[in-house]
There are 2 protein chains.
Amino acid sequence: MAAEGPAGASPSRSKRADAQRNRETVLTAAAGVFVTSGVDAPIRQIATQAGVGMATIYRHFPTRADLVTAVYQHQIEACAEAGRTLLANADSPLDALHQWIDLFVDFLVTKHGLADALQSDSDRFAALHAYFLDRLLPVCAQLLDAAVEAGDIKPGTQPYELMRGIGNLCIGRDNDPRYDPRRLVALLLQGLQRPQTS
Amino acid sequence: MAAEGPAGASPSRSKRADAQRNRETVLTAAAGVFVTSGVDAPIRQIATQAGVGMATIYRHFPTRADLVTAVYQHQIEACAEAGRTLLANADSPLDALHQWIDLFVDFLVTKHGLADALQSDSDRFAALHAYFLDRLLPVCAQLLDAAVEAGDIKPGTQPYELMRGIGNLCIGRDNDPRYDPRRLVALLLQGLQRPQTS
DNA sequence: ATACTAAATGGAGCAGCGTTCCGTTTCAGG
DNA sequence: CCTGAAACGGAACGCTGCTCCATTTAGTAT
């Protein structure tokens, strides 16, 4: 087959082929380990699972946040994209906001320990926090603004505060029947709504 | 002087005097360290601060939760007591609930990392969680029930879920001007309220 | 007052994890 | 094929939680 043109493979060209391969291997292994052991799983475990040394992981992903970010990048982008789509297609901005938050909450609660990590007081996850904000905050802000302009939501709430509040509500052990983050997020949204439609 | 009667000093009689003293020393040191380093501070640090060995701390407080519990016991009890008082004295059950939650939130946000520990996925703090629930859940339930009966609050919310939601909202680094747990808790309470008073 | 016993102590020691460092291996261009 | 550099792996270091045991000390019986 013909050699690749100047517009080569998608990921950075400047890497050696084996490095590129290892990057993928680590990503796959990490995704698997995250499911079973949470995003706090020991690096050694991920390295073993991937069949590489620890240094390899550290070289590709200097901080744990970089690794987690890379693993969930696609899903975060999808969430952001969904927000834009919803705003365009939903019956009302309020509906769009509700549905988007449902997506967001689903994403957080299905990733073992992700919400915990996002708000971790340690700064090991600072970059992850930053990435989430960078990608999702504008979306949330747009949805919120639209709902405010439509008169469905009281003005004055900052998107950052809302997102972090939702994230916080999603923290905790999963599968506790006595605590369903969705119910509390729903309550929060209720509190955000205008008293009457006037 | 006359020997002490059968109704002796308040803390457990079965301990030796030096053990009793050390217990207090550790408690004081721990309280100090918690303020500066959070409730996750290394045991070694607390031991050094108290001028005792680590084993001494482990003997008096087998788990970290026991230590934290002991340090904050009085304040937790005070919070529980305040709940009962408020219910009796406030203008309305809803007012009482609001004021009590303010107290609760204040308590959590002023204790560096306490809210984080309470919901920690690790079970190192399971006993702390249990203690909080044991002492404060009944109070919260009473306040909530009273507010529901007065018609101020929608029925259907479980006290456990509410308390944990509030606790979750208080998680995170302190002193972030962009995130004030109080505002979100207020929103949550708003969502709890009846649409109209009728 | 002295001797005795069991409670209490302290710190060394072991294990787990994060992170770095360096000798060795492997790729890719000449 | 040869060679330089990128990439690699795992040993090594530091920090933390927790335990174990030789030693000290308080309280009591004589």
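Just the heavy atoms: all of them, side chains too, but no hydrogens, waters or symmetry mates, feed the values below.
Among the nucleotides D:dC18, C:dC17, C:dT26, the one closest to any side-chain atom of B:Arg44 is D:dC18. Listed nucleotides: C:dG18, C:dA8, C:dG11. Nearest to the side chain of A:Tyr58: C:dG18. Among the nucleotides C:dG18, C:dA8, D:dG9, the one closest to the side chain of A:Ala55 is D:dG9. Closest to the side chain of A:Ala19, from the set D:dC8, C:dG10, C:dA8, is D:dC8. The side chain of B:Ile43 approaches D:dG17 more closely than any other nucleotide in the set C:dT20, D:dA26, D:dG17. Of the candidates C:dT19, D:dG17, D:dA26, D:dA26 carries the atom nearest the B:Asp18 side chain, counting heavy atoms from C-beta on.
Atom-to-atom, CE of A:Met54 to P of D:dA11 comes out at 9 Å; the value is rounded to the nearest Å. The CD atom of B:Gln20 sits 13 Å away from the C1' atom of C:dA8 (whole-angstrom rounding). Put simply, NZ on A:Lys15 is 11 Å from P on D:dA6, counting in whole angstrom units. Between the CG atom of A:Asp123 and the C1' atom of C:dG18 there is a distance of 13 Å, rounded to whole Å. Atom pair A:Arg16:CZ and D:dA7:P shows a separation of 6 Å (rounding to whole Å applied). What separates CD1 of B:Ile57 from P of D:dC18 is a distance of 12 Å, to the nearest Å. Rounded to an integer number of Å, the gap from CG of B:Asp40 to C1' of D:dC15 is 14 Å. Nucleotide C:dC27 holds its P atom 20 Å from the CZ atom of A:Arg23, rounded to whole Å.
Comparing B:Arg124 and A:Val52 along DNA chain D, the residue whose closest nucleotide (by nearest heavy atom) sits nearer the 5' end is A:Val52.
The side chain of B:His60 contributes no N or O atom lying less than 4.0 Å from OP1 or OP2 of C:dA8. Using a 4.0 Å cut-off, some side-chain N or O of A:Asn22 falls inside it from OP1 or OP2 of D:dC8. OP1 or OP2 of C:dG10 has at least one side-chain nitrogen or oxygen of B:Thr56 nearer than 4.0 Å. Taking only side-chain nitrogens and oxygens, A:Arg59 comes nearer than 4.0 Å to OP1 or OP2 of D:dC8.
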Worked verdict on B:Arg182 versus B:Asp106 for salt bridge (Lys or Arg N to Asp or Glu O under 4.0 Å): CA-CA 9 Å; B:Arg182 280 166 256 258; B:Asp106 268 332; 2.2 Å; yes
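Under the 4.5 Å side-chain criterion, counting only non-hydrogen atoms from C-beta, A:Asp116 is not in contact with A:Asp40.
Taking the charged nitrogens against the carboxylate oxygens, B:Glu81 and B:Arg84 do have a contact shorter than 4.0 Å, which makes a salt bridge. Between B:Asp123 and A:Arg173, no side-chain nitrogen of the basic residue sits less than 4.0 Å from a carboxylate oxygen of the acidic one, so the salt-bridge criterion is not met.
Backbone-only contact: A:Ala17 has heavy atoms under 4.0 Å from sugar-phosphate atoms and none from a base.
With 3.5 Å as the limit, one finds no donor-acceptor pair spanning the side chains of A:Thr69 and A:Asp66.
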